[in-house]
Number of protein chains: 2
Amino acid sequence: MKQITKYVIKNSLKRIFLYRACLARLKMMGVEKVFSYTLANDTGVTPDQVRKDFSEFGIRGNKRGGYEISDLLEKMENIFHRNKDHNIVLIGMGNLGLALSKYSKFVQRNMNIVATFDIDPFKQKIRSDIPVYSMSRLKEIIDRFRIKVAILAVPEISAQQVSDELVRAGIKGIVNFAPVLLKVPPEVVINNVNLCDELESVIYYVHKLMQDEGLKNLEILYKDMKY
Amino acid sequence: MKQITKYVIKNSLKRIFLYRACLARLKMMGVEKVFSYTLANDTGVTPDQVRKDFSEFGIRGNKRGGYEISDLLEKMENIFHRNKDHNIVLIGMGNLGLALSKYSKFVQRNMNIVATFDIDPFKQKIRSDIPVYSMSRLKEIIDRFRIKVAILAVPEISAQQVSDELVRAGIKGIVNFAPVLLKVPPEVVINNVNLCDELESVIYYVHKLMQDEGLKNLEILYKDMKY
DNA sequence: TATTTGATGTGAAACAAATCACAAAATATG
DNA sequence: CATATTTTGTGATTTGTTTCACATCAAATA
Ligand SMILES: NC(=O)c1ccc[n+]([C@@H]2O[C@H](COP(=O)([O-])OP(=O)(O)OC[C@H]3O[C@@H](n4cnc5c(N)ncnc54)[C@H](O)[C@@H]3O)[C@@H](O)[C@H]2O)c1
Ligand SMILES: NC(=O)c1ccc[n+]([C@@H]2O[C@H](COP(=O)([O-])OP(=O)(O)OC[C@H]3O[C@@H](n4cnc5c(N)ncnc54)[C@H](O)[C@@H]3O)[C@@H](O)[C@H]2O)c1
């Protein structure tokens with residue numbers, strides 16, 4: 001009945017995030033306008049790609065004049081629904097969960113962890129701005145705040161079971177830090193973040209690079225690791 | 001002089017990690033053999049893809065007989081240099097750094113954080129299995145342990161400066177958790193992990209899914225979010 | 001206002017990745 | 001031992017993504 005839905009975020013979307021981060025920085029520096037090649041230079045992609053990506057997401061500038069940064073950012077905010085607040089829950093207040101609950105960038109981007117949950121009564125006593133609830137109150141809180149997205153930071157062994165609970169409680173998207181492939185119904189979005197794999201990837205590429213040094217191979221590597 | 005090298009790990013490599021995780025689990029369960037469709041079922045890709053990926057990484061099974069799990073895992077260990085130990089350093093023992101330093105999966109996969117560093121003398125007093133050094137000892141330790149890979153968990157504002165220090169000390173690969181694009185020489189591999197983006201991606205896809213429900217759009221979404 | 005300049009936006013072309021289709025090989029079966 | 005069956009491995013094909021090339025438009029200039 002349950003099926004695997006293991007997703008990889010599209011590269012063009014990742015690049016849009018990149019552009020946005022860059023634009024936000026430029027805006028802070030007082031810059032008002034950009035051209036596709038400005039963004040390209042700053043993010044390491046080609047100007048063509050910037051424009052194609054914008055085209056894909058329906059973002060348009062004005063010919064000759066480039067793009068108005070505020071305008072561009074506003075359009076992106078709309079695309080990503082960043083003008084509204086997003087309430088999130090976090091399950092598992094262990095090492096990782098605790099760190100994530102303290103991460104201020106989430107709030108800065110309007111993503112509020114409004115509640116955290118843990119099976120361990122001891123964890124429920126953590127003094128923190130965000131309340132730590134017992135798992136029995138999961139559905140109640142998710143319903144009350146109309147929460148659709150959860151961060152899962154429980155041990156591998158409990159991940160599937162907690163994921164099932166989340167889906168039953170109405171969660172539609174999960175950022176999963178446990179190194180397991182969750183089985184969820186097809187209408188639930190899973191984004192697996194596997195930090196071991198991220199580290200291993202780097203080790204893999206570093207080895208590849210050191211094995212056969214020289215520019216020829218650098219180029220091959222670059223092909224392998226496209227932006 | 002410095003240039004941006006912002007990489008995205010190739011999807012085929014990500015899938016190999018997926019297969020390996022699956023194989024490890026099957027092995028633990030006492031299974032000895034797999035077919036491409038076994039792996040495919042478990043990981044949500046197609047059997048063709050599994051075989052093509054194996055082909056790309058030079059892994060071969062035997063016709064009709066499928067693949068011997070131990071053999072397969074050994075081949076993968078070789079590809080990923082997992083038979084040897086990998087010494088790593090971690091910079092920034094704040095919320096995230098502390099969590100990462102306690103993550104046992106790194107050790108299980110032969111990736112040992114042998115030293116951590118922090119600018120804050122208070123952090124250097126953290127009682128932990130892994131020593132916390134002052135930044136002044138960075139080069140000394142990196143040289144002593146012949147370390148090539150670092151995890152960067154310092155604030156956004158210091159990330160570039162610390163990255164420069166790491167590169168000067170001989171680091172060739174960095175997993176960067178700060179939401180900035182580091183400028184490094186082309187022979188240094190950067191893997192940016194941006195948890196805000198990961199969360200936002202999920203919000204984006206959940207919205208997309210809810211906006212226009214129904215199976216037709218589910219299919220479109222799947223195209224957007226390929227395995 | 002006409003002309004030049006410079007950047008966008010987008011089809012077309014080139015390239016890359018995934019799927020298909022089937023020959024080849026290993027095993028099972030009669 | 002010949003034949004049927006099953007699964008791999010890989011060219012061929014399709015599908016998707018990036019790069020190229022240039023028409024188009026907006027602004028600057030004369
Ligand atoms: N620590 C890290 O840096 C790190 C890095 C990457 C991935 N991860 C992954 O994140 C997850 C958490 O890692 P961690 O190091 O924080 O582990 P941890 O053991 O420190 O924390 C896990 C927390 O989950 C709680 N928990 C256990 N079962 C539960 C359940 N059924 N319902 C609710 N809560 C439950 C525990 O009480 C604990 O507080 C693991 O899957 C791990 O593999 C951790
Ligand atoms: N907390 C999280 O869950 C989280 C999640 C994703 C990304 N991040 C990113 O990871 C980084 C660290 O986040 P955090 O929450 O752990 O922050 P933090 O402030 O808790 O920790 C940062 C640590 O880096 C140390 N530091 C500062 N400047 C330094 C320097 N020049 N050299 C060495 N050490 C230095 C500080 O003393 C501190 O201990 C940030 O870039 C953040 O954006 C954090």
Side-chain angles (χ1 to χ4, degrees), chain A residues 4 6-19 23 26 31-69 71-72 75-76 79 219-227, chain B residues 4 6-19 23 26 31-69 71-72 75-76 79 219-227:
Chain A
I4 285 173
K6 193 259 158 196
Y7 303 115
V8 173
I9 306 304
K10 231 186 164 187
N11 286 340
S12 60
L13 180 58
K14 286 199 184 167
R15 286 194 303 267
I16 293 275
F17 284 130
L18 221 68
Y19 306 146
L23 288 165
L26 289 171
V31 186
E32 285 177 3
K33 267 181 170 183
V34 280
F35 302 113
S36 57
Y37 60 79
T38 326
L39 272 177
N41 266 341
D42 278 20
T43 53
V45 304
T46 65
D48 302 309
Q49 182 105 69
V50 173
R51 296 203 302 278
K52 253 289 193 281
D53 287 339
F54 281 6
S55 171
E56 181 185 335
F57 286 88
I59 294 169
R60 352 196 67 235
N62 40 322
K63 306 211 171 182
R64 173 101 202 220
Y67 307 84
E68 195 92 25
I69 291 186
D71 181 48
L72 214 44
K75 275 174 182 157
M76 289 187 180
I79 291 169
E219 270 159 35
I220 292 166
L221 186 68
Y222 288 160
K223 272 221 172 309
D224 261 26
M225 300 180 69
K226 64 168 184 186
Y227 298 99
Chain B
I4 286 174
K6 193 259 158 196
Y7 303 116
V8 173
I9 306 303
K10 229 186 166 191
N11 286 340
S12 59
L13 180 57
K14 286 199 186 166
R15 286 194 302 268
I16 293 277
F17 284 130
L18 220 68
Y19 305 146
L23 288 165
L26 289 171
V31 186
E32 284 176 4
K33 267 182 171 179
V34 279
F35 303 114
S36 58
Y37 59 80
T38 326
L39 272 177
N41 266 341
D42 279 20
T43 54
V45 303
T46 63
D48 301 310
Q49 183 103 70
V50 172
R51 296 203 301 277
K52 253 285 192 295
D53 287 338
F54 281 5
S55 170
E56 182 185 333
F57 286 87
I59 294 170
R60 351 196 67 237
N62 42 320
K63 307 213 171 182
R64 173 104 202 219
Y67 306 83
E68 195 92 26
I69 291 187
D71 180 48
L72 213 44
K75 274 175 182 155
M76 289 187 178
I79 291 169
E219 271 157 35
I220 292 165
L221 183 70
Y222 288 162
K223 272 223 175 305
D224 261 25
M225 300 180 69
K226 65 170 182 182
Y227 296 100

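Only this structure's heavy atoms are used, side chains among them; waters, hydrogens and symmetry mates stay out. By convention in this document, chain letters (A, B, ...) are assigned in the order of the sequence lines, proteins followed by strands, and residues within each chain are numbered from 1. Bear in mind the structure is a predicted one, so any value in this text is a computation, not a measurement.
Salt bridge status for D71(B) with K75(B): present, with a side-chain N to carboxylate O gap under 4.0 Å. Note on R15(B) versus E56(B): no salt bridge recorded, every NZ/NE/NH1/NH2 to OD/OE distance being 4.0 Å or above.
For the OP1/OP2 pair of dA26(C) and a distance below 4.0 Å, the side-chain nitrogens and oxygens of Y67(B) include no atom meeting the criterion. Contact between the side-chain N/O atoms of R60(B) and the OP1/OP2 oxygens of dT10(D) is found at a separation under 4.0 Å. Look at Q49(B) and you'll find a side-chain N or O under 4.0 angstrom from OP1 or OP2 of dT19(C). Phosphate proximity of dT7(D) to S36(B): absent, as no side-chain N or O sits under 4.0 Å from OP1 or OP2.
Within the nucleic acid shown, G61(A) comes within 4.0 Å of sugar-phosphate atoms alone, with no base atom in reach, counting heavy atoms only. Using a 4.0 Å heavy-atom criterion, one finds that S12(B) contacts no nucleic acid atom at all. At a threshold of 4.0 angstrom between heavy atoms, the contacts of G65(A) with the nucleic acid are absent. Note on D48(A): a base of the nucleic acid sits closer than 4.0 angstrom, heavy atoms only.
Side-chain proximity of Y37(B) to the nucleotides dT18(D), dG6(C), dT7(D) is greatest for dT7(D). With distances taken from any side-chain atom of S55(A) to the nucleotides dT10(C), dA28(C), dT19(C), the minimum falls on dT10(C).
Taking 3.5 Å as the limit, the base of dT7(D) and the side chain of R51(B) contain no donor-acceptor pair of atoms between them.
We find that CG of L13(B) is positioned 13 Å from P of dA18(C), with the value rounded to whole Å.
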